[in-house]
Amino acid sequence: MNQPARVLAAAAPSPATAHTTMDRIAAELGRAVQGKEAQARLVTTCVVSSGHLLLEDVPGVGKTTLAEALARSCGLSFARIQFTADLMPADILGAQIFQAQTATFQFRPGPLFRQLVLADELNRAPPRTQSALLEAMAQGQVSLDGTTHALPAPFTVVATQNPVDFSGTYPLPDSQLDRFMVRMSLGHPAPEVEARLLATRGGAPALDAVKTVSSPEEVAQLRALAAEQRLDPAVADYVVRLARATREHGDIERGASTRAVLALGAAARAQSLWEARDFVTPGDVRAVLVPCWAHRVLLRSAVQGVAARDEAAHLLEELVRKVPAPR
């Protein structure tokens, strides 16, 4: 999670107002990536819970479009960074530039200093550059030459990677995957959606249909409200018992961490706003459990990539059926 606190001057909306705003954002995402209503809601939930998003999918299914649509619908400043093997940390963070007129150094911010940053093909960059990005995501700031520079708020990173083509890549370590609140895939659209796109869209960019329906201030207010959603001790105990179940499962080498527990709580709080409630239910926890934890648990099996993701999701769904929920 990044830091949600710097743009919170205005009063938080009510849960009912928050629901309406989130619905508007998700609807605009749906205009850009049609037939993916559930994914659009999950992306909105991730942003409202102050999380970062990892999109894993094959090329051509709308990952970049989705990120740009999110920035446009929320009125966020946007930058796309294409990660490559020769990308250096200074290329994304910025650098101190010498000013000959004053004989001083002046900080020139890099593209990371936007409210929504698309880190395209994150696994193409070497570990040093990946780490620079991931540290900024965790701390909400950048430190260079002893000086700290705060990132703009609200700040969100949407990273993409291809789960099939690992040639010439630097896969993210498990500890760094933990920086992402949600990992998800879009998948190919249904045949009828593809046919409709073919018949109606032609060469028109999908983003043309997306409108700005929110603002950075509203996103910050939504985050403040989500952070205050009531999580009953019985529901908290439910989350902890789910985490313990992952740690004791025979097919899981490393279960959910405490950070994963906190991330699930944050996502469940944002999820509860979809029902215009001011409290979290076990159903909210279950709704976001797999996208929050499937990339955080380490399996004992040797499967990799998409197969590992699917197997982790299957195990978590199995645990949900076994761990009793509070009534």
Under 3.5 Å donor-acceptor, Arg72 side chain and Leu207 backbone: yes

Distance-minimising heavy-atom pair for Ala69 and Ala32: CB-CB, 3.5 Å

Min side-chain heavy-atom separation Leu42-Pro291 under 4.5 Å: yes

From Leu93 atom CG to Met88 atom CE, the distance as rounded to the nearest 0.5 Å: 11.0 Å

Thr45 and Trp274: side chain donor to acceptor below 3.5 Å: yes

Heavy atoms of other groups near Arg247 CZ, more than 12 under 6.0 Å: yes

Any Met184 side-chain heavy atom under 4.5 Å of Gln39 side chain: yes

Verdict with reasoning, Glu121 to Gln161, per side-chain hydrogen bond (donor to acceptor under 3.5 Å, both in side chains): CA-CA 5 Å; Glu121 297 187 281; Gln161 61 178 5; over 6 Å; no

Donor-acceptor pair, side chain of Lys63 and main chain of Asp57, under 3.5 angstrom: yes

Ser185/Arg309 under side-chain hydrogen bond (donor to acceptor under 3.5 Å, both in side chains): CA gap, chis, key distance, verdict: CA-CA 10 Å; Ser185 299; Arg309 181 189 63 200; 2.7 Å; yes

From CA spacing to verdict: side-chain contact (heavy atoms from CB on, under 4.5 Å), Ile81, Leu118: CA-CA 6 Å; Ile81 307 173; Leu118 170 60; over 6 Å; no

Donor-acceptor contact below 3.5 Å, side chain Arg300 vs main chain Gly250: yes

Thr44 side chain vs Ala40 backbone, donor-acceptor pair below 3.5 Å: yes

Smallest separation among heavy atoms of Val48 and Leu222, with atom names: CG1-O, 3.8 Å

Aromatic ring pairing Phe107/His149, orientation class (parallel under 30°, perpendicular over 60°, tilted between): parallel

Steps toward side-chain contact (heavy atoms from CB on, under 4.5 Å) verdict (Gln130, Tyr170): CA-CA 9 Å; Gln130 291 180 0; Tyr170 303 88; 3.8 Å; yes

Sidechain-backbone polar pair: Ser143 side chain, Gly146 backbone, donor-acceptor under 3.5 Å: no

Electrostatic pair Asp178:Arg296 at N-O distance under 4.0 angstrom: yes

Side-chain H-bond candidate by donor/acceptor type, Thr20 with Thr17, under 3.5 Å: no

Pro111 vs Val117 side-chain heavy atoms within contact, under 4.5 Å: no

Shortest non-hydrogen contact from Val261 toward Ala243: CG2-CB, 3.6 Å

Rounded distance (nearest 0.5 Å) linking atom CZ of Arg128 with atom CG of Leu133: 14.5 Å

Side-chain touch Val290/Glu317, heavy atoms, less than 4.5 angstrom: yes

Contact summary for Pro15 and Asp278, nearest pair of heavy atoms: CG-CB, 4.0 Å

Verdict with supporting geometry, Val43 and Leu70, side-chain contact (heavy atoms from CB on, under 4.5 Å): CA-CA 8 Å; Val43 170; Leu70 179 60; 3.8 Å; yes

Tyr238 to Ala325 - nearest heavy-atom pair and separation: CE1-CA, 3.6 Å

Contact check, side chains of Gln34 and Pro189, non-hydrogen atoms, under 4.5 Å: no

His295 side chain reached by Leu54 side chain, heavy atoms, under 4.5 Å: no

Sub-4.5 Å side-chain heavy-atom contact between Thr212 and Glu28: no

Straight-line distance of Arg277 CZ to Arg230 CZ, nearest 0.5 Å: 10.5 Å

Thr84 side chain to Asp86 side chain, donor-acceptor N/O pair below 3.5 angstrom: yes

Flag if over 12 foreign heavy atoms under 6.0 Å of CD, Glu228: no

Value rounded to 0.5 Å, distance of CG in Leu134 from CG in Leu172: 6.5 Å

Distance, nearest 0.5 Å, that separates OG1 of Thr160 from CD of Gln82: 7.5 Å

salt_bridge(Asp120, Arg80) N-O dist < 4.0 Å: yes

Candidate list Leu122, Val158, Leu53, test side-chain contact (heavy atoms from CB on, under 4.5 Å), partner Phe180, passing option: Leu122

Side chain Gln229, main chain Ala268, donor-acceptor under 3.5 Å: no

Spacing of Ile252 atom CD1 and Leu298 atom CG [to the nearest 0.5 Å]: 9.5 Å

Exercise: identify the closest heavy-atom pair between Ala276 and Ala16: CB-CA, 3.8 Å

Whether over 12 other heavy atoms sit under 6.0 Å from Arg241 CZ: yes

Any side-chain heavy-atom pair of Glu318 and His249 under 4.5 Å: yes

Main-chain N/O of Leu116 paired with Arg114 side-chain donor or acceptor, under 3.5 Å: no

Under 3.5 Å: donor-acceptor pair, side chain of Gln115, backbone of Ser77: yes

Check: Leu186 main-chain N/O paired with Lys36 side-chain donor or acceptor under 3.5 Å: yes

Expected output: side-chain Trp293 to main-chain Ala256 donor-acceptor under 3.5 Å: no

Derivation and outcome, side-chain contact (heavy atoms from CB on, under 4.5 Å), residues Leu273 and His19: CA-CA 6 Å; Leu273 292 174; His19 165 82; 5.7 Å; no

Asp284 versus Ser272, side-chain donor and acceptor atoms under 3.5 Å: no

